Amino acid sequence: MTVRGRYLAPDGTPLSGALVFRAPATLTFPVADVILGGPVSVPLDAQGGVEVTLPATDSPDMDPSGWAYAVTEQLSGIPTGRSYNIVLPKALREVDLADIAPTDPSKPNYVGVPGPVGPQGIPGSRIYSGTAAPAAGLGTDGDVYVRYESSTVLGVTSTTVSTWQRSAGTWAQLGGDVRGAAWYVNTTSTPSTGTRPGDMLLRTDSGDLWQRGASGWGTAVGNLRGPVGATGAASTVPGPQGPKGDAGAVSTVNGSTGPDVVITVAGKTGTTIPLSAADVGAQATGTAVLLTGTQTVAGAKTFSSVPSSSVAPTADIHLARKSYVDALGGGSWLPTDLGFSGWTFDPAVSNSGQNLLAGYVYLCGINLRAASTVTNVVFYSCGYAGGTLNASSFAGLYTAAGARVGVTAALSGIFTANEGATVVCPLTAAYSAPAGNYWVAIVTNGQTASPYNGPVLARGANLGTSPAGAAAMPGAFRRAARLTATGQTSLPASFTPASALTYDANALWAAVS
């Protein structure tokens, strides 16, 4: 059976030390072919608690019988520990030392003998006795029956005393037996009869029930005339009582049920113990990511390793593997392959150059698929003798709404003589560009139309007045265009795309980086 206890200082601090349980020198169990010997020392845990499983003192087939455990308390900070004796009947299953250990140092040691379940009666109930089980028709509900049954084994005669009570028309035995004990009935205020621990006495005048311990009669441990389930005054002698019931096993945890769930939560006590997710090693609601099912994960998240997917995306919001994105590019060159953030088209498809007319603002459409910081606009010069552009020549960057967001210094200091070169034109200030459509713009002045002596820029298709490079739905972004205004000596701060643009026959190549 299980013996428990907990030891605390007056301020609630757990005590340390050990309890020593001593049985007779050896205990023999012939049927099991086992011999037990020696004391059992059990240290107190961090909460001052102790728990140990010991053989019951009335275990069957045990030699010797009729003995008691000697308990010695060896507690740190307490010079002289208590020693006392206890009996552990198998019917109890478990016992707490706080229920049976003596608390009054003036009282002698005793052997606690748990008796039968205390009679639980109603006013006017009666007591019957006999040597056989109570007859079915005897008495009324609430009545108590004491059965005396003698038996002789190997020449030794012993008496078994059991207590019964009638409820709902049926007699039922209330609990454990007190072997070798005697029952007495009188009206004395203090019991004086009986000589053996375990003897029982019923006072007929008050209904009080007494039990004798090793040191004599204590106080009443039950009352026959009280309401059903009533108990008498506190006693240093355990009993009459039956096995302790479970205080209530945990049946649900966070809404989940299971059979025979038992949970111990350190530092929490009470009949109803609220359990947090941390108590049972779980994540709090709303803090865990599900492995399956639909879930919205809010807020910015930083991953220590890059999330991955083994399947190709099928919707706009799906993650895409790098291999999937790379495969979409095929063998085509992308702007980033050549160091650009975006361009008007692959420059390899350009097959001619464009002479720029002085004072015209040419617009070259670029799409940025991702946000990018733009520090340069770039052109390709097919050839330039140099020295003709003046200080009224500029390049810049516009949003799809026509707002200028970047401009260069005068191109007269940037475009130099060449026979074919990539011309990088730095913006006076870098621009953090969100993803979207933009125009790279250029206006030049100083060159003559005939003979032409300005820089010649690479261009795409230019068949007819409106080549296919200008294809777009009505009202959509114009990929290649120019401002309708002429004679411009600078780039305007803004323009209205719906009214200030005209299609241009020349699709200039331009890029940003």
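Note that the structure is a prediction, hence the values are computed from the model and not measured.
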TODO: Evaluate side-chain contact (heavy atoms from CB on, under 4.5 Å) for V440 paired with L397, printing each intermediate quantity in order.
DONE: CA-CA 5 Å; V440 171; L397 185 67; 4.2 Å; yes

If only atom types and distance count, is the side chain of [X] paired as donor or acceptor with the main-chain N or O of [Y] below 3.5 Å?
X    : Y    : result
D346 : V349 : no
S372 : V374 : no
T2   : T53  : no
T496 : S499 : no
T344 : A510 : yes
R404 : L491 : yes

- [ ] Please work out whether the ring planes of W439 and F495 are parallel, tilted or perpendicular, with thresholds of 30° and 60°.
- [x]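 If you compare the ring of W439 with that of F495, the planes turn out tilted.
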
- [ ] Give me the ring orientation class for Y69 and F21: parallel if the planes are under 30° apart, tilted from 30 to 60°, perpendicular past 60°.
- [x]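 Aromatic pair Y69/F21 classed perpendicular.
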
Open item on the list: I'd like to check L8 versus L15 (side-chain heavy atoms, cut-off strictly below 4.5 Å). Are they in contact?
Closed with: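 Side-chain contact under 4.5 Å: no.
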
- [ ] Test side-chain contact (heavy atoms from CB on, under 4.5 Å) on V361 and F394 and set out the steps.
- [x] CA-CA 9 Å; V361 177; F394 300 94; over 6 Å; no

- [ ] Assess whether side-chain contact (heavy atoms from CB on, under 4.5 Å) is satisfied between E94 and V3, documenting all intermediate values.
- [x] CA-CA 6 Å; E94 60 182 42; V3 179; over 6 Å; no

Hey, what do you get for [atom1] ([X]) to [atom2] ([Y]), rounding to the nearest 0.5 Å?
X    : Y    : atom1 : atom2 : answer
L356 : T444 : CG    : OG1   : 4.5 Å
E51  : R6   : CD    : CZ    : 13.0 Å
L334 : T336 : CG    : OG1   : 5.0 Å
R4   : L97  : CZ    : CG    : 11.0 Å

Is there a donor-acceptor contact under 3.5 Å linking the side chains of [X] and [Y]?
X    : Y    : value
S350 : R459 : no
S16  : S76  : yes
N390 : N445 : no
S392 : T489 : no
E73  : Y7   : yes

Specify the closest pair of heavy atoms between [X] and [Y], including all atoms of both residues, with the distance to one decimal.
X    : Y    : answer
P497 : A401 : CD-O, 3.5 Å
S432 : T373 : OG-OG1, 4.1 Å
L457 : C382 : C-SG, 4.1 Å
F340 : A511 : CD2-CB, 3.7 Å
L411 : C425 : CD2-SG, 4.1 Å
Q488 : V443 : O-CG2, 3.5 Å

Task: W343 ring center within less than 6.0 Å of Y380 ring center - done: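 When the ring centroids of Y380 and W343 are compared, they turn out to be at least 6.0 Å apart.
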
Task: Stepwise side-chain contact (heavy atoms from CB on, under 4.5 Å) check, W509 with F345 - done: CA-CA 7 Å; W509 180 86; F345 54 84; 3.7 Å; yes

Open item on the list: Is it the case that over 12 heavy atoms from other parts of the model lie below 6.0 angstrom from the CG atom of L319?
Closed with: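 No, the 6.0 Å shell around CG holds no more than 12 heavy atoms from other groups.
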
